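The shown structure was predicted, so the numbers you read here are calculated from the model rather than taken from an experiment. Below, all heavy atoms of this structure are taken into account, side chains as well, without hydrogens, waters or symmetry copies. Order of the sequence lines fixes the chain letters, A, B, ..., with proteins taken first and strands second; residue numbering starts at 1 for each chain.
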Amino acid sequence: MDRGAIPTSDIPGAVDVQATLESGQTYLWWRPDGATYETDGAYGGSAWYRTVVDGDVVEVRQTADAIEWRSTTDAAPLVRELLGLDDDLHEIRRAANGDDLTSAAWDAYDGLRIVRDPFFGCLVSFICSAQMRVERIFAMQEALREQYGAPIEYGGETVHAFPEPGALAAATEQELRDLKLGYRAPYVQRTAEMVASGELTERDVRGRAYELAREQLTGFVGVGDKVADCVLLFSLGYLEAVPLDTWIRSAIDDHYPDCDRGNYADTSRAIREQLGPHAGYTQTYLFHYLRSGGDA
DNA sequence: CTCCAGGGAGCCT
DNA sequence: AGGCTCCATGGA
């Protein structure tokens with residue numbers, strides 16, 4: 001077992017691991033202590049969080065002056081990547097819209113960083129997110145791991161990775177419905193099939209210009225513009241992507257009505273113009289802030 | 001009971 | 001392109 005610590009002094013801007021991992025932007029981390037996300041905010045923010053990347057278990061927790069990690073590999077660079085620790089939050093916020101709402105959201109969760117989830121897990125988890133509450137999206141991903149994820153022996157326990165595309169492609173629609181995926185079950189199966197067969201993969205998306213990348217992603221079954229933006233933002237590092245979900249649409253209605261252009265593509269351009277470069281960063285702060293009861 | 005949750009597919013015009 | 005309608009599930 002490898003372990004280490006990344007001093008917060010080596011990170012540009014604030015870091016808040018809890019806000020980063022419990023803000024509904026990633027469903028691929030969990031608490032090995034068994035605590036359910038969002039049910040007990042009283043633990044002080046120092047709990048361990050766990051995920052699996054390319055067969056390696058990675059755990060992180062926040063201390064007073066560092067991000068501690070332990071892993072089956074030398075995970076320091078990986079942790080920096082996964083948690084967006086190289087993003088310069090000073091610069092990103094400085095360039096953002098400084099209106100009252102966005103300032104309140106940034107102040108409330110200073111240190112929240114945009115994650116870089118592995119592509120396939122991000123894709124599947126946001127296909128599952130359609131018309132579904134955050135807590136239940138976590139539960140669905142856990143069920144997929146337990147049922148289809150490769151087991152890894154780790155410190156005397158068995159940890160399950162997120163399923164490989166082939167494993168979900170081989171599942172039946174009914175099996176996935178039995179995991180309470182509902183009408184998303186065939187979407188997940190068919191998208192997994194596309195990735196596993198090579199019909200459409202991360203390589204067809206990564207590196208393309210933002211709007212073209214979004215268009216490519218909508219080729220997956222169960223992926224429209226909104227889910228595509230989530231994958232671009234939370235996996236591929238397109239920090240300008242602004243997923244237009246129910247919460248940000250509500251914020252547009254209440255605070256930026258001129259940005260509502262009646263269709264996704266034009267509203268997207270308008271809100272990106274409104275929120276500035278790295279608009280996805282501000283969108284994620286707004287999502288977490290509004291959903292947590294801010295802006296009453 | 002109804003309403004809603006990080007929407008999208010299929011079908012219609 | 002833009003507007004329906006339907007789609008599972010569970011908590012408020």
Measure centre to centre between the rings of Tyr27(A) and Phe138(A), then say whether the value is under 6.0 Å. yes
Close aromatic pair by centroid cut-off 6.0 Å: Phe234(A) and Phe126(A): yes
Give the rounded distance in Å between these two atoms: [atom1] of [X] and [atom2] of [N].
X	N	atom1	atom2	value
Ile137(A)	dG8(B)	CD1	C1'	14 Å
Ile248(A)	dG7(B)	CD1	C1'	16 Å
Phe126(A)	dA5(B)	CZ	P	16 Å
Arg291(A)	dC4(B)	CZ	P	17 Å
Leu244(A)	dG7(B)	CG	C1'	12 Å
Leu217(A)	dG7(B)	CG	P	17 Å

Could you verify whether a donor N or O on one side chain and an acceptor N or O on the other, from [X] and [Y], lie under 3.5 Å apart?
X	Y	value
Tyr154(A)	Asp56(A)	no
Glu273(A)	Tyr256(A)	no
Tyr49(A)	Glu22(A)	yes

One should read off an interatomic distance between Asp178(A) CG and Glu173(A) CD, to the nearest 0.5 angstrom, of 10.5 Å
Check this for me, if you would: do Asp2(A) and Arg70(A) make a salt bridge, where the nitrogen-to-carboxylate-oxygen distance has to be below 4.0 angstrom? no
Are there over 12 heavy-atom neighbours, none belonging to Glu164(A), within less than 6.0 Å of that residue's CD? no
If you assign each of Pro243(A) and Phe220(A) to its closest nucleotide in DNA chain B, which residue comes earlier from the 5' end? Pro243(A)
Distance under 6.0 Å and angle within 45° of ring axis: Arg80(A) vs Trp69(A): no
Here the pair of heavy atoms bringing Gln189(A) nearest to Ala171(A) is CG-O, 3.3 Å
Parallel, tilted or perpendicular, as decided by the 30° and 60° cut-offs, for the rings of Tyr281(A) and Trp106(A): parallel
Sort by first number and list every stem of DNA chain B: at least 3 consecutive Watson-Crick or G-U wobble pairs, both distances under 3.5 Å. B:2-5 with C:9-12, B:7-13 with C:1-7
Near DNA chain B, counting only heavy atoms under 4.0 Å, which residues of residues 222-239 of chain A show up? Gly222(A), Val223(A), Gly224(A), Asp225(A), Lys226(A), Val227(A), Phe234(A)
Same-atom distance (C1') from dG3(C) to dA5(B), integer angstrom: 22 Å
Atom P, compared across dG10(C) and dG8(B): separation rounded to whole Å: 22 Å
Sugar-phosphate or base contact per nucleotide [nucleotides 5-12 of chain C; S, B, -; heavy atom under 4.0 Å]: --BBBBB-
